[in-house]
Student: 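Quick one: this structure, given as structure tokens, is what I'll be asking you about.
Residue numbers start from 1 in every chain, and the chains themselves are labelled A, B, ... in the order their sequence lines are given, proteins ahead of strands. Heavy atoms only: backbone and side chains are in, while hydrogens, waters and symmetry mates are out.
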Amino acid sequence: MTEIVRKILSGALVAMGAPLPERIEVEVPKDESMGDLATPLAMSLAKALKRPPRKIAEEIVENIRDRGDFERIEVAGPGFINFTFRRESLYRSFSELLRREEAFFRKDIGKGRKILVEFVSANPTGPLHLGHGRGAALGAALSNLLAAAGFSVTKEYYINDAGRQVSLLGESVFARYQELFGISYPFPEDGYRGDYVLGIARRIKESEEEKNEGGKYKGLNFEFPQSNYFTSYACQQMLSVIKSDLEHFGVTFDVWQSEKELYDKNEVSGAIDYLRQKGFVYEDEGATWFKATLFGDEKDRVLIKSGGQHTYFASDIAYHKKKVDGSFDELIDIWGADHHGYIPRVRAALEALGYEKERLKVLLVQMVSLLRSGKPVQMSKRAGEFVTLREVIEEVGADTTKFVFLTRKADSHLEFDLEVAKAASAENPVYYVQYANARINSIFRNAAEKGFTGGAGINDANLLPLLSEPEETRLIKKILLYPAVFEAAVQAREPHRITYYLQELAGMFHPYYNRHRILTDERELSSARLSLCRGVASVLKDGLRLLGVAAPEKM
RNA sequence: GCGCCUGUAGCUCAGUUGGAUAGAGCAACUGCCUUCUAAGCAGUGGGUCAGGGGUUCGAAUCCCUUCAGGCGCGCCA
């Protein structure tokens, strides 16, 4: 619908010889009586054309040639142009939607452009927590949206399996391992104290026993932080836990990129050398620095510490270099908001490498605070006490968890109340949306029993005019708006817009269902209403699928 | 101290990239199941969009400032 309006508007502007704006705003008016769609176009042109907005609006309206789809096109308020569709036009579009379904919803925005979405990327030093879950839900939904919009999407998880944190994990496991033999080994100061660390130690011990090598590392003195058996074993274990957690959550990745591999393949040193050749690297006080200030960062950043170890930033440069070199047109990184200070330096590095920094878009996901019945759940990462994503999924379910995450825009703080999320009630918006779809499917089952060719198959455009109730017209208009919502969500990279739309659509269907019977004695009316239901269900299913949430046929 | 994010109904949050009279859910009160699923529906009340100033035809939205909360500001990751 919005496309039709945009088209005739740009046609009118051309006819007038007026400049075409980059984007013609089309919106749904506040009040239904104002029409179906409206544009503030004339008002935004007022300054450039140096004429009153209402005059411009009138002129635009006069220049609209093809108005066959509209019952009314009128100028209102300070200069809005309001459009009201003819019913026949709505029915024609709706019939087209039923026929083409997914193809009708989509617009090819990406045109095959390659886009890499990196998300979660939690250190493999412990299980995923709720904040990671939020990033996972967002990344997965965004990837779905982008792929549906014609982008070629790669989903990637960056594994920080090199460096201090993983070796600290290894040493923590090593300490627990020694304890299993009654040997006291000083537990590392910032070590990981969660129960899972002990679990890994036990597993190492058990696997030794199986191989008749019991106590192989008992009492030995390993050099940490150098990588060794304990580090790599623990890391592998944690990674498989993380993978299985994500699988439970219904989130998958195309690429698991290891940081360690970047070192092993000399890509880190390669990236540093590259920057050095360009003159952006210098030595000072025994350390190797990157001239980040040349590219807008606050200060220069260390790549190699005076002790010889690389910083996290060094491998991150190599990683982002690898990504852009992979001929991706756009990179999206989804990070926790606590990393926001890191953006300028990564952007600076990209620019120094010779890429436009606009290629990288960083989406920050704000913190999640976990509540139970309104009271904060105490978590202490240091003591290893925290509620994991896995536990939350098991308690409230993956669909609900995802839906709650996707009901907020990324950069707003989120309160996640376990009891509220668990309640199978109206407080829980995911059920509200799923329930609408389940109800419709229930109607379809009844319809089939009553000998209707089935809601699923019905598409008789001639019957659609029987849908004359105000609720029906409103539903049709709402459904026809879905493609515009989809497009806006993709452009803004904001999946939550889909979530809200689905709630609104369900919020129109339930009252309709309560007020009007779908299956009546009038066969033709019933058929028409089944078609309407199919349109609703089709959109609900599509939207839920994009969000990564199930759309059960029975509840 | 500097930077980023946030501040909208009692609570949790939207607000279509600056548009018309600011929205939803929950909570509160009142009703609706012998007809397609009551995880539903109908109705009622609720606002200084944190405060102030500015930009313009028009601001919850952009700029400045004050206040409040969160997060950053390492040769940590």
Student: Roughly how far, to the nearest 0.5 Å, is CG of A:L239 from CG of A:N123?
Tutor: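 A:N123 CG to A:L239 CG: 11.0 Å, rounded to 0.5 Å.
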Student: Can you figure out which of B:A14, B:G19, B:G72 approaches the side chain of A:E27 most closely?
Tutor: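 In terms of side-chain proximity for A:E27, the closest of B:A14, B:G19, B:G72 is B:G19.
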Student: Let me know the distance between CD of A:Q503 and C1' of B:U12, rounded to the nearest Å.
Tutor: 12 Å
Student: If only side-chain N and O atoms of A:S167 are considered, is one of them under 4.0 Å from the OP1 or OP2 phosphate oxygen of B:A77?
Tutor: no
Student: Which class fits the ring pair A:H496 and A:Y500: parallel under 30°, tilted 30 to 60°, perpendicular over 60°?
Tutor: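 Because their plane-to-plane angle is over 60°, the rings of A:H496 and A:Y500 count as perpendicular.
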Student: Pairing check on B:A59: which nucleotide meets the Watson-Crick or G-U wobble criteria with it, both distances under 3.5 Å?
Tutor: none
Student: Calculate the interatomic distance between A:K478 atom NZ and B:A24 atom P; express it in whole Å.
Tutor: 12 Å
Student: All N/O contacts under 3.5 Å from nucleotides 56-61 of chain B to the protein, with atom names and distances to one decimal?
Tutor:
| residue | atom | partner | partner atom | Å |
| --- | --- | --- | --- | --- |
| B:C57 | N4 | A:M43 | O | 3.4 |

Student: Remember a base hit wins even if backbone is also touched, and classify A:R301 as base, sugar-phosphate or nothing at under 4.0 Å, heavy atoms.
Tutor: nothing
Student: Run the salt-bridge test on A:E494 and A:K409 with the 4.0 Å N-O cut-off and return the result as yes or no.
Tutor: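 So A:E494 does not pair with A:K409 through a salt bridge.
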Student: Please determine whether any donor N or O and acceptor N or O are separated by less than 3.5 Å between the side chain of A:T311 and the base of B:C75.
Tutor: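 Such a pair does not exist between side chain and base.
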Student: Please check this pair: side chain of A:N446 against backbone of A:S442, looking for a donor-acceptor N/O pair closer than 3.5 Å.
Tutor: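 Here the side-chain-to-backbone pair exists.
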Student: Ignoring hydrogens and geometry, is there a side-chain-to-backbone donor-acceptor pair from A:Y192 to A:V166 under 3.5 Å?
Tutor: no
Student: Rounded to the nearest angstrom, tell me the gap between atom CG in A:L169 and atom C1' in B:C76.
Tutor: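 That distance rounds to 17 Å.
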Student: Within 45° of the axis and under 6.0 Å from the centre of the six-membered ring of A:F486, does NZ or CZ of A:R106 qualify?
Tutor: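 The answer is yes, since A:R106 meets both limits relative to A:F486.
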Student: Which sits closer to the 5' end of RNA chain B, A:G77 or A:E298, going by the nucleotide each is nearest to?
Tutor: A:G77
Student: Check the angle between the aromatic planes of A:F295 and A:F280 and answer parallel, tilted or perpendicular using the 30° and 60° thresholds.
Tutor: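 Answer is perpendicular, since the angle exceeds 60°.
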Student: Going 5' to 3' along nucleotides 28-38 of chain B, which nucleotides have protein heavy atoms under 4.0 Å from the base (write B), which only from the sugar-phosphate (write S), and which from neither (write -)?
Tutor: -------BBBS
Student: For B:C5, does OP1 or OP2 lie under 4.0 Å from any side-chain N or O of A:K409?
Tutor: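 Negative; the distance criterion is not met.
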Student: Kindly say whether A:S369 contributes a backbone atom to a donor-acceptor pair with the side chain of A:H413 at under 3.5 angstrom?
Tutor: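 Absent.
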Student: Under 4.0 Å between any heavy atoms, over every strand shown, what does A:E285 touch: base, sugar-phosphate, or nothing? Just pick one.
Tutor: base
Student: When the distance from CG of A:D316 to P of B:C75 is rounded to whole Å, what number comes out?
Tutor: 16 Å
Student: Could you list by number each residue of residues 339-346 of chain A showing a heavy-atom separation from RNA chain B of less than 4.0 Å, or answer none if no residue does?
Tutor: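 Correct list: A:H339, A:H340, A:G341, A:Y342.
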Student: Give a yes or no on whether the backbone of A:D300 and the side-chain of A:T293 come within a donor-acceptor separation of less than 3.5 Å.
Tutor: no
